[in-house]
Amino acid sequence: MKKTQKQTVYQFMKKSLRKEYFYLKRDLLLYCPVELGEFSTNAYYASLDKDGISIYQYDKKVDNRIKLLERHPWKTWNHVKIDHFLKKSEFVFQGQSNRIFYFLNDGKSVQEIIANYTAIEVEVATRSFWRKLPGYRSLSPINMYVASIFYAAIPSYILKLLLPYIVQKLFFAISVFTMLLGLLCLVIGLIDPTIVLWKQKDKTRKKVLYYYSYIMITGFICIFIFW
């Protein structure tokens with residue numbers, strides 16, 4: 001769905017939910033896009049009031065294009081664990097039934113509503129900035145590996161646009177050296193990991209593969225950037 005289409009759906013849901021809550025005689029505290037923890041092309045929106053949370057779906061098949069999927073009174077839960085990322089926040093509700101919601105952009109506002117209007121015990125996960133970045137949130141080695149390559153390429157491309165030609169040539173030479181050094185250490189490390197992992201406690205070939213293939217691939221990408 002294109003950005004303009006998303007904005008149109010958002011504006012439509014904004015008007016529809018206000019109208020819905022007017023007829024329900026409830027005070028609408030907040031409405032925001034939400035994900036339900038599974039892949040879907042449907043647009044879901046959460047509406048919060050003093051008594052609970054409702055999940056609506058934008059559905060062209062129904063007359064008014066909004067369909068109520070779930071209604072959860074706040075008293076259903078007694079505990080929520082909140083994990084804020086850069087663009088969305090994970091809320092794990094626990095109590096009579098368990099439910100996970102991913103609020104997009106408005107996680108902090110949802111947290112304030114829960115703190116002010118409910119008796120739910122709130123637990124906020126502490127997370128450093130780098131753990132909020134895509135690729136590092138799950139601490140999956142593969143995801144972190146791919147993300148690290150991507151994050152190394154971005155500043156290199158920015159430098160390419162900002163630096164004069166003669167400095168770019170210097171970075172090109174450094175990139176060639178980095179790629180060859182990574183390749184050399186990778187080959188040596190696969191034969192004897194202790195030679196290239198002198199500061200690591202766990203000297204394994206798997207770590208050699210992660211560290212030095214990353215250096216080699218990053219250098220290879222930078223060669224093309226500064227070519």
Side-chain angles (χ1 to χ4, degrees), residues 1-11 14 32-35 37 39-41 43-45 82-90 102-111 124-190 193 195-200 204-227:
M1 189 179 291
K2 295 180 181 179
K3 187 175 181 181
T4 54
Q5 291 176 319
K6 285 185 177 179
Q7 290 175 341
T8 302
V9 171
Y10 178 80
Q11 292 298 327
K14 175 181 177 181
C32 65
V34 66
E35 294 177 358
F39 177 77
S40 176
T41 57
Y44 300 108
Y45 286 78
I82 304 173
D83 204 348
H84 293 295
F85 302 108
L86 286 181
K87 286 293 185 180
K88 64 181 180 181
S89 301
E90 179 188 66
Y102 297 89
F103 295 97
L104 307 183
N105 301 322
D106 292 302
K108 294 289 181 66
S109 299
V110 175
Q111 180 182 334
V124 181
T126 56
R127 186 184 288 264
S128 57
F129 175 77
W130 70 272
R131 284 287 315 281
K132 297 181 180 180
L133 295 173
Y136 295 105
R137 297 178 298 197
S138 63
L139 292 181
S140 168
I142 296 297
N143 292 345
M144 293 173 65
Y145 179 84
V146 174
S148 297
I149 295 175
F150 179 75
Y151 293 137
I154 291 177
S156 299
Y157 183 75
I158 294 174
L159 288 175
K160 165 76 173 181
L161 299 176
L162 298 177
L163 295 176
Y165 177 76
I166 194 166
V167 180
Q168 292 181 29
K169 285 301 178 184
L170 174 62
F171 275 90
F172 173 79
I174 295 174
S175 301
V176 173
F177 174 78
T178 300
M179 184 191 71
L180 295 177
L181 178 64
L183 177 60
L184 177 62
C185 292
L186 178 63
V187 173
I188 294 175
L190 291 177
I195 298 176
V196 295
L197 296 177
W198 58 89
K199 289 186 178 182
Q200 296 291 323
T204 63
R205 288 182 173 84
K206 184 177 180 179
K207 284 196 173 182
V208 170
L209 185 62
Y210 273 123
Y211 291 159
Y212 292 104
S213 66
Y214 166 74
I215 294 175
M216 181 185 68
I217 293 173
T218 301
F220 181 75
I221 293 174
C222 290
I223 288 175
F224 281 90
I225 291 176
F226 292 108
W227 183 269

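Keep in mind that the numbers below use all heavy atoms, side chains included, and drop hydrogens, waters and symmetry copies.
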Side chains of Tyr136 and Ser148, donor plus acceptor under 3.5 Å: yes
Steps toward side chain to side chain contact (heavy atoms under 4.5 Å, CB included) verdict (Val9, Tyr45): CA-CA 10 Å; Val9 171; Tyr45 286 78; 3.8 Å; yes
Residue pair Tyr44 / Pro33, side-chain heavy-atom distance below 4.5 Å: no
Ile217 CD1 to Tyr145 OH distance, which is reported to the nearest 0.5 Å: 3.5 Å
Ile166, CD1: over 12 other non-hydrogen atoms inside 6.0 angstrom: no
Geometric class of the Trp227/Phe172 ring pair [parallel <30°, tilted 30-60°, perpendicular >60°]: perpendicular
Working for side chain to side chain contact (heavy atoms under 4.5 Å, CB included), residues Asn105 and Lys88: CA-CA 5 Å; Asn105 301 322; Lys88 64 181 180 181; over 6 Å; no
Gap between atom OG1 of Thr204 and atom CG of Leu209 - 0.5 Å precision: 9.5 Å
Closest heavy-atom pair and its distance - Ala153, Ile221: CB-CG2, 4.1 Å
Rounded distance (nearest 0.5 Å) linking atom CD1 of Ile174 with atom CE of Met179: 14.5 Å
Residue pair Tyr102 / Gly37: nearest heavy atoms and the distance that separates them: CE1-CA, 3.5 Å
Non-hydrogen atoms of Ala147 and Gly135 that approach each other most closely: CB-CA, 3.8 Å
Asp83: side-chain contact (heavy atoms from CB on, under 4.5 Å) partners, not counting sequence neighbours: Phe85, Glu90, Ala125, Arg127
Set of residues satisfying side-chain hydrogen bond (donor to acceptor under 3.5 Å, both in side chains) with respect to Lys169, sequence neighbours excluded: Tyr165
Value rounded to 0.5 Å, distance of CG in Asp106 from OG in Ser89: 9.0 Å
Audit row: Leu104, Lys87, side chain to side chain contact (heavy atoms under 4.5 Å, CB included) steps and yes/no: CA-CA 6 Å; Leu104 307 183; Lys87 286 293 185 180; over 6 Å; no
Derivation and outcome, side chain to side chain contact (heavy atoms under 4.5 Å, CB included), residues Leu184 and Leu180: CA-CA 6 Å; Leu184 177 62; Leu180 295 177; over 6 Å; no
Sole residue of Phe220, Tyr157, Phe171 in ring pair (Phe, Tyr, Trp, His ring centres under 6.0 Å) with Phe226: Phe171
Atom pair CG (Leu186) and CZ (Arg205), whose distance is rounded to the nearest 0.5 Å: 11.5 Å
side-chain hydrogen bond (donor to acceptor under 3.5 Å, both in side chains) against Lys160, all qualifying residues, sequence neighbours excluded: Gln168
Over all atoms of both residues, closest heavy-atom pair of Cys185 and Val208: O-CG1, 4.3 Å
Spacing of OG belonging to Ser156 relative to CG belonging to Leu161, to within rounding of 0.5 Å: 11.0 Å
pair Leu181-Ile215: side-chain heavy atoms closer than 4.5 Å: no
